[in-house]
Amino acid sequence: MADAVQKPGNAAPAKKAATGAFTPAGVSPNRRSRHKYTIRLWAVRNSRFFEWFYHRFAEVFLLLHPVWKLFGYQRVERPITFVEKHVKGFLFDCRMCGQCALSSTGMSCPMNCPKQLRNGPCGGVRANGNCEVEPDMPCVWVQAWKGSQNMAKGDAIMNVQKPVNQSLRETSSWLRVTAEAAAARETAANAGKDA
Amino acid sequence: MAHLDENPLGPHLPLDPLPGHSSMGRLERVLRRGEFAVTTELNPPDSANPEDVYERAAIFDGWVDGINAVDASGANCHMSSVGICALLTRMGYAPIMQIACRDKNRIAIQGDVLGAAAMGVCNIMCLTGDGVQAGDQPGAKPVFDLDCMSLLETVRIMRDNSKFLSGRKLTTPPKVFLGAAINPFAPPYDFRPYRLAKKIEAGAQFVQSQYCFDVPMFREYMKKVRDLGLHEKCYILVGVGPMASAKTAKWIRSNVPGIHIPDSVIARLEGAQDQKKEGKQLCIDIINEVKEIEGVSGIHVMAYRQEEYVAEMVHDSGVLKGRQPWKREPNPVDQLVAERIEAARSGQQQDQQQLAEKAAQHPH
């Protein structure tokens with residue numbers, strides 16, 4: 001039945017199409033309704049708090065660097081990833097791209113954009129600020145811009161993000177950031193010693 | 001006197017590279033000289049017949065500086081932009097190849113960029129692309145491996161650093177003039193100028209805007225752009241086009257993503273006796289208004305299924321100021337192709353034995 005013609009843009013596709021009822025063009029093809037975005041939108045509204053909180057949290061993680069090193073980053077990867085996935089999944093609808101950009105995107109996860117844009121909104125944003133692809137979803141990047149306005153370092157939204165490295169999917173970006181920060185700290189210390 | 005964009009040794013010869021130019025194309029020359037540029041869009045055929053492309057391109061002959069070869073716009077399936085570019089460069093038109101991130105990943109895109117540049121494509125336009133839901137095959141898998149910004153950066157790195165995204169070296173980099181799209185008419189409005197700044201940082205040298213029907217809104221946008229000094233770093237071409245009727249305008253407004261048409265435009269079309277004529281007049285009026293805005297370097301005429309009016313509108317609005325865009329852009333390999341065709345025509349017998357011996361003597 002691969003050739004069956006699909007009815008585009010329909011809220012409850014099969015059921016509604018069967019009744020022959022009129023469905024407006026601005027209705028999402030999948031039935032996620034607005035309440036599903038409540039927590040994500042709340043996180044964006046409180047982006048300043050989350051920015052502050054994340055900084056403290058990252059410091060703690062860096063302090064724990066000897067612990068991670070003792071167990072081995074490889075070995076703690078799985079449990080940390082599990083926690084990260086569920087915490088960020090609950091708060092931001094995290095998609096575990098493994099290279100978190102939340103602090104550059106006003107605490108609005110760019111991977112929730114149907115086009116997975118990481119550098120700003122596409123030209124298709126609706127006049128009401130909703131998504132072109134999912135008409136019931138507020139555009140991730142309209143939210144990101146709002147969120148970034150609250151943040152102390154909101155200007156990070158102006159940085160051009162690199163393309164996603166797909167091989168880092170489903171890995172912990174908390175641990176990666178910590179390991180990188182620790183490595184940077186060590187090289188700085190070594191450079192200081194040499195000088 | 002030879003045309004400004006002509007090789008002094010003969011019009012059939014390719015142009016010499018100019019210092020500071022990133023491509024050998026004439027669109028870049030026209031823009032850098034400060035002339036008002038006109039580009040347009042070729043309606044891609046749903047056929048495998050090259051004549052269809054030639055026919056559609058011939059309408060624009062002598063009226064435009066560049067022809068956009070669209071990459072399945074609106075996520076509707078058509079002849080590919082690479083294919084159209086191959087045909088257009090063969091005939092000496094100056095295509096602007098659009099690349100949308102919707103259908104190809106970074107491996108395919110980088111390969112296409114090299115292939116296009118080798119065919120003689122001088123302008124590449126980097127787009128995100130409409131979502132698959134907008135098109136005729138909503139069941140397709142959306143790729144979106146890169147986004148327009150990282151695509152711009154990728155091509156810029158290939159051109160300026162002679163490297164693939166992976167860091168592998170290129171022996172000959174693609175000499176292309178890089179373009180991008182802007183849409184000042186969609187929220188978040190105050191972020192849009194900054195997004196243009198990001199695109200420029202990523203590598204955009206010219207931008208074409210979405211259909212402009214709301215001139216006051218565009219003025220506002222351009223004011224912000226001038227405040228940021230972006231109009232000096234990048235050439236801004238305003239998208240304009242005729243509407244066939246009020247009914248089409250209404251349909252486009254509610255069905256095509258990203259196009260903002262104010263009620264006043266629809267009212268003006270509805271009130272007219274001949275809506276098609278009024279649509280054309282409206283487009284000319286908009287061209288005349290936007291060309292006066294500081295920082296606007298040209299127009300991009302999108303006359304979908306009304307391509308025959310492009311010449312008329314460009315003429316009536318007088319934006320070319322008597323300048324005639326050059327009709328033929330020579331391809332560096334033209335001479336080679338001509339020689340080969342000549343050899344084939346002269347019917348020289350090829351001795352297989354001799355050829356094999358020659359090849360054996362001469363590896364590479």
Side-chain angles (χ1 to χ4, degrees), chain A residues 2-10 13 24-30 104-106 108 110-111 113-135 138-149 154-155 157-166, chain B residues 74-75 100-102 105-106 109 127-139 142-154 165 181-192 194-203 209-211 239 251 253-260:
Chain A
D3 297 334
V5 180
Q6 265 184 314
K7 284 233 168 180
N10 221 335
V27 172
S28 177
N30 44 25
S104 313
T105 62
S108 168
M111 301 314 273
C113 166
K115 300 183 183 176
Q116 307 198 345
L117 300 183
R118 284 169 79 90
N119 278 298
C122 68
V125 184
R126 285 161 199 264
N128 62 0
N130 278 10
C131 174
E132 160 199 334
V133 181
E134 287 190 50
C139 168
V140 168
W141 276 99
V142 172
Q143 298 301 320
W145 177 243
K146 280 187 200 157
S148 73
Q149 303 301 82
D155 279 352
I157 202 170
M158 303 298 176
N159 300 340
V160 178
Q161 301 284 335
K162 292 266 169 284
V164 178
N165 181 350
Q166 303 288 352
Chain B
C101 299
R102 178 192 53 240
N105 68 6
R106 58 192 89 174
I109 287 176
L127 307 169
T128 299
D130 296 298
V132 290
Q133 94 291 346
D136 61 345
Q137 307 191 29
V143 178
F144 297 112
D145 183 25
L146 303 177
D147 59 18
C148 56
M149 211 74 69
S150 39
L151 173 56
L152 277 168
E153 207 168 40
T154 304
L165 206 53
I182 51 169
N183 187 1
F185 313 107
Y189 303 108
D190 42 351
F191 182 47
R192 293 288 167 183
Y194 295 109
R195 183 157 160 80
L196 174 59
K198 269 183 100 165
K199 287 199 173 178
I200 293 171
E201 195 190 325
S209 90
Q210 182 58 278
Y211 274 111
W251 186 88
R253 179 158 77 165
S254 51
N255 289 291
V256 182
I259 298 181
H260 162 69

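We name chains A, B, ... by the order of the sequence lines, and we start the count at 1 in each one.
The contact between B:Asp130 and chain A is made by backbone and side chain atoms together, counting heavy-atom distances below 4.5 Å. Residue A:Pro114 touches chain B through its backbone alone, counting heavy-atom pairs closer than 4.5 Å.
What you find for A:Arg126 and B:Pro187 is that their closest heavy atoms are O-CG, 3.0 Å. Heavy-atom minimum distance, B:Phe191 versus A:Gly120: CE2-CA, 4.0 Å.
Between chain A and the options B:Ala197, B:Pro188, B:Ala186, the largest number of non-hydrogen pairs under 4.5 Å is found for B:Pro188. Top candidate by heavy-atom pairs under 4.5 Å with chain B, chosen from A:Val164, A:Ile157, A:Val160, is A:Val160. In terms of heavy-atom pairs under 4.5 angstrom with chain A, the leader among B:Gln210, B:His260, B:Glu153 is B:Glu153.
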What do the steps show when you test B:Leu165 against A:Lys162 for side-chain contact (heavy atoms from CB on, under 4.5 Å), and what is the final call?
CA-CA 10 Å; B:Leu165 206 53; A:Lys162 292 266 169 284; over 6 Å; no
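Between the side chain of A:Arg118 and the main chain of B:Asp147, no donor-acceptor pair closer than 3.5 Å is present. At distances below 3.5 Å, at least one donor-acceptor pair connects side-chain atoms of A:Lys115 with backbone N or O atoms of B:Gly129.
The distance from the OG1 atom of B:Thr128 to the CD atom of A:Gln116 is 12.5 Å, given to the nearest 0.5 Å. Residue A:Asn119 holds its CG atom at 9.5 Å from NZ of B:Lys199, rounded to the nearest 0.5 Å. Taken to the nearest 0.5 Å, the SG atom of A:Cys122 stands 12.0 Å off from the CZ atom of B:Arg102. A:Leu117 contributes atom CG, which lies 9.0 Å from atom CE of B:Met149 (distance to the nearest 0.5 angstrom). Here NZ of B:Lys198 is found 6.0 Å from CD of A:Gln161. Values are rounded to the nearest 0.5 Å.
In this structure, B:Asp190 places its CG atom where more than 12 heavy-atom neighbours from other residues, nucleotides or ligands lie under 6.0 Å away.
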